[in-house]
Amino acid sequence: MTALADPPSHQFQVDANRTSSDTPRRAAVRRALSNYQTARDRTGATFTDWKSARAAAATIKHEAVNHLDQYLEEFEKKFTARGGKVFWASDSKQARDYILNLAEAKGVRSIVKSKAMTGEEIHLNQALLAKGYGVVESDLGEYIQQLKGEAPYHFVFPCMHLRRDEISDLFEKELGTAKTDSPEELTMIARRVLRRAYIEADMGISGGNFIVAETGMISITENEGNARLTVGLPKIHVALIGIEKVVPRLGDLALFLPMLATAGTGQHLTGYNSMYGGPRQPGEIDGPDEFHVVFLDNHRTRLLADPEQRDALHCIRCGACLNVCPIFKNIGGHTYGTTYQGPIGSVITPHFRGLEDWKHLSGASSLCGACTETCPVGIDIHHHLLHNRRNAAAQKPAAGEQFLWKAFAFLMKRPALYKFATKFAPLGSLLHPLIERTMVDPVRSWTDTREFPQAPLHSFRAQFKAHQRAKTSATSNGGAQ
Amino acid sequence: MRVTLFVPCFIDSLYPNVGMAMVHVLERLGHTVEFPENQTCCGQPPFNSGYWDEARAVASKQIAVFKDAEIILSGSGSCGAMFKVFYPELFHGQPMEAEAKAIAAKTWEFSEFLVNKLGVTDLGARFEGRATFHDGCHGLRELGTKLAPRELLKHVKGLELIEMGEAETCCGFGGTFAVKYPQISTAMAEVKCNSIQETKADYVISNDSSCLMQIGGWLNRNVGSVKCLHLAEVLASR
Ligand code: SF4
């Protein structure tokens, strides 16, 4: 992690310099994501009508997010009736403290954790480790990242940037296993470690993909079965979930589960889809004795209060917007320096962690709109980047930049002055080679890597005028040519 | 029909042939082309940078200039999107909202206008060569232009059109983004241009000159052999 003294915007530029010139890594990420695209296109095509599925999903999430209080309370009532406990955490500290206190009160020693970006968001692992608890990530990708001491690279594919040999080397170094090139063997190595972790753990921690209000259950969807073991084996379970994950009805999952799988990984359905309604009930043979749900606000209500960008809370964290984002593909996930990478991360991070410090992410976009086009729940992602830029300029205009745009507007409001200025373009083109790519080149950040076009002698204005003149004289000469 | 051209600042100074090609194509079809001298910039640069007051100051001038136009035609999908999609948003709840919406309603992107308004696909153009087409993002995703340029190119005699793998991938221009984050912008240009080169095309055609400035800028520095052309230039050639 970079020291706080380095502002995130500077860290971003530095990391982007490094990652955008890492050709092999960029190529590998692109390859992986093009495989994703192929799978996704194939699965997406099996929907009778993806467009209306999308519209339906947006409508349901709109309903849920706009009645958040009502649906969350409905969940709480049903869930606590079965003996579950609900804690409402307004920020990360409250969420961490609740989990730490619980662990202490119950004499917990080791914890197994399945994938939860909310855990990353509140820096849960660091807090638990600092108090001396053993914590093991049970999702294979997350486990690899934990061994590596690195944050997830992508919130759905945590270690997608690593090559197989890098993973094998990591296992060799950290676990003392023999080198291997077989994905199955690598999985088996991790599985051996993880099996032990499930059995030893006295607390399991998970996230949750959907909160179902109607039945008071949480839905977890995964491919490895690790979340099932994480919830099912330890005596105490804690699910840490963002409040926006709610859907009104159980039936809504009939749409959302295949949709999340399709958009997220290109699968029809993920391998394991489970519903959890609380602790083990009398007569049941498995499940935890205690089941806690920690609902995390952590500034989500700030986003809720913004009618323009509220739809960002519809996000089902499928990761599709990252997968199609040309910025993500070229700079990778770590460059963002955020819990949530990619386009949706650039939209929500300023709301979660402050616009001033994180506005650069909204600036670092060509606004191509591939994210919005792909988002299964129809979030207006790239326009929100534009809105963040507007809000940032209004909140605290950058002195130099504001002056520049005022001068720009001054010129563009005065056609005569503008025409006069453009007359110098050909001259500028003529003189430009003298200073090109030097310190005084005003377009150096362009010319360092790209040619700047030459301005022809006659502008369009001039040519059009000449063309009109020629036409009039042709007609006054009787149209003869 | 009376067609009023919006020729953005960079086409005016850097790519005048693109504007002239549009004039030729339209005149050959029998339309009257106008170019109001007092137009300057659509206001997109300050708009995209978040300075909406300054953008409105510039945009309101253009709204006044184009008030009486019958059809506003833009040679750049990006500036076209500014008129058509972003003016209504920029002036939402402002005194000039109705005028902004009126401008939006009569603005057309060049290829959409030919194919969907005039119903013309064959312009009798002839152009020898192997080419690939780049979809400018604003044209593609803000205006929904995908098929019209291809329809037009299909009818150009002598032209062989090969789709590239990354046709819909952004070239990395993005206005001020290209100079604020030159490293990312250039990496994106490289991906785009590699895809162009894979088609072995001699020409890359687009309906947006701003993308072509980026693509051409990278190609001319690194490759040199692939040429950039605006759709209008191809359609005007005989
Ligand atoms: S914003 Fe949309 S595409 Fe991106 S992760 Fe969320 S749901 Fe998926």
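Below, chain A is the first sequence line, B the second, and so on; all start at residue 1. FYI, side chains are in, hydrogens and waters are out, and symmetry mates aren't considered; it's all heavy atoms of this structure. Keep in mind it's a predicted model, so treat the numbers as computed, not measured.
Between atom OG of residue B:S13 and atom CZ of residue A:R461 there is a gap of 8.0 Å, rounded to the nearest 0.5 Å. Of the inter-residue distances, the one linking A:T372 atom OG1 with B:R141 atom CZ reads 9.0 Å to the nearest 0.5 angstrom. One finds the OG atom of A:S365 at 7.0 Å from the CZ atom of B:F177 (value rounded to the nearest 0.5 Å). Rounded to the nearest 0.5 Å, atoms CZ (B:R221) and CD (A:E451) are 4.0 Å apart. Atoms SG and CD1, from B:C170 and A:I327 in turn, are 7.0 Å apart once rounded to the nearest 0.5 Å.
Looking at A:K359, there are no atoms closer than 4.5 Å to chain B (heavy atoms on both sides), in backbone or side chain. With a 4.5 angstrom heavy-atom cutoff, A:N17 touches chain B via backbone and side-chain atoms both. Contacts between A:A364 and chain B at a heavy-atom distance below 4.5 Å involve backbone atoms as well as side-chain atoms. Contacts between B:V179 and chain A at a heavy-atom distance below 4.5 Å involve backbone atoms as well as side-chain atoms. Only the side chain of A:E373 comes within less than 4.5 Å of a heavy atom in chain B; its backbone stays farther off. A:N388 does not touch chain B: none of its heavy atoms, backbone or side chain, sits under 4.5 Å away. Looking at A:T335, neither its backbone nor its side chain comes within 4.5 Å of chain B, counting heavy atoms on both sides. For chain A, the nearby parts of B:Q214 are the backbone and the side chain; heavy atoms of each come within less than 4.5 Å. Only the side chain of B:T176 comes within contact range of chain A, judged by heavy atoms closer than 4.5 Å. The contact between A:F464 and chain B is made by backbone and side chain atoms together, counting heavy-atom distances below 4.5 Å. Residue contact with chain B, scored on non-hydrogen atoms closer than 4.5 Å, is absent for A:K329. Looking at A:H360, both its backbone and its side chain come within 4.5 Å of chain B, counting heavy atoms on both sides.
Between chain A and the residues B:L14, B:D12, B:L5, the largest count of heavy-atom pairs under 4.5 Å involves B:D12. Among the candidates B:F86, B:F173, B:F10, B:Y181, the residue making the largest number of heavy-atom pairs closer than 4.5 Å to chain A is B:Y181. With chain B as the partner, the residue from A:S459, A:C368, A:A393 showing the most heavy-atom pairs under 4.5 Å is A:C368. Your options are B:G174, B:C9, B:G50, B:G172, and the one with the most heavy-atom pairs under 4.5 Å with chain A is B:G50.
The number of heavy atoms from other shown groups lying within 6.0 Å of NZ (B:K227) does not exceed 12. Open room surrounds NZ on B:K61; 12 or fewer heavy atoms of other groups in view lie less than 6.0 Å from it. Heavy-atom contacts from other residues, nucleotides or ligands closer than 6.0 Å to NZ of A:K471 number more than 12.
Of the possible polar contacts, none joining the A:R450 side chain to the B:G217 backbone as a donor-acceptor pair under 3.5 Å is found. Counting only distance, with no hydrogens or angles, the side chain of A:R390 and the backbone of B:W52 share no donor-acceptor pair below 3.5 Å.
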- Candidate pair A:F460 and B:V18, rule side chain to side chain contact (heavy atoms under 4.5 Å, CB included), full reasoning: CA-CA 8 Å; A:F460 171 76; B:V18 172; over 6 Å; no

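Taking 4.5 Å as the heavy-atom cut-off, the residues of residues 26-48 of chain B that approach chain A are B:E27, B:V33, B:E34, B:F35, B:E37, B:N38, B:Q39, B:T40, B:C41, B:P45, B:P46, B:F47, B:N48, ordered by number. Residues of residues 203-213 of chain B that come within less than 4.5 angstrom of chain A, heavy atom to heavy atom, are B:M213 in numerical order. Of residues 183-199 of chain B, those residues lying under 4.5 Å from chain A by any heavy-atom pair are B:Q183, B:I184, B:S185, B:T186, B:A187, B:M188, B:E190, B:V191.
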List the atom pairs, donor and acceptor, that lie under 3.5 Å between side-chain atoms in residues 398-411 of chain A and the rest of the protein, sequence neighbours left out.
from	atom 1	to	atom 2	distance (Å)
A:E401	OE2	B:K180	NZ	3.1
A:K406	NZ	B:E54	OE2	2.6

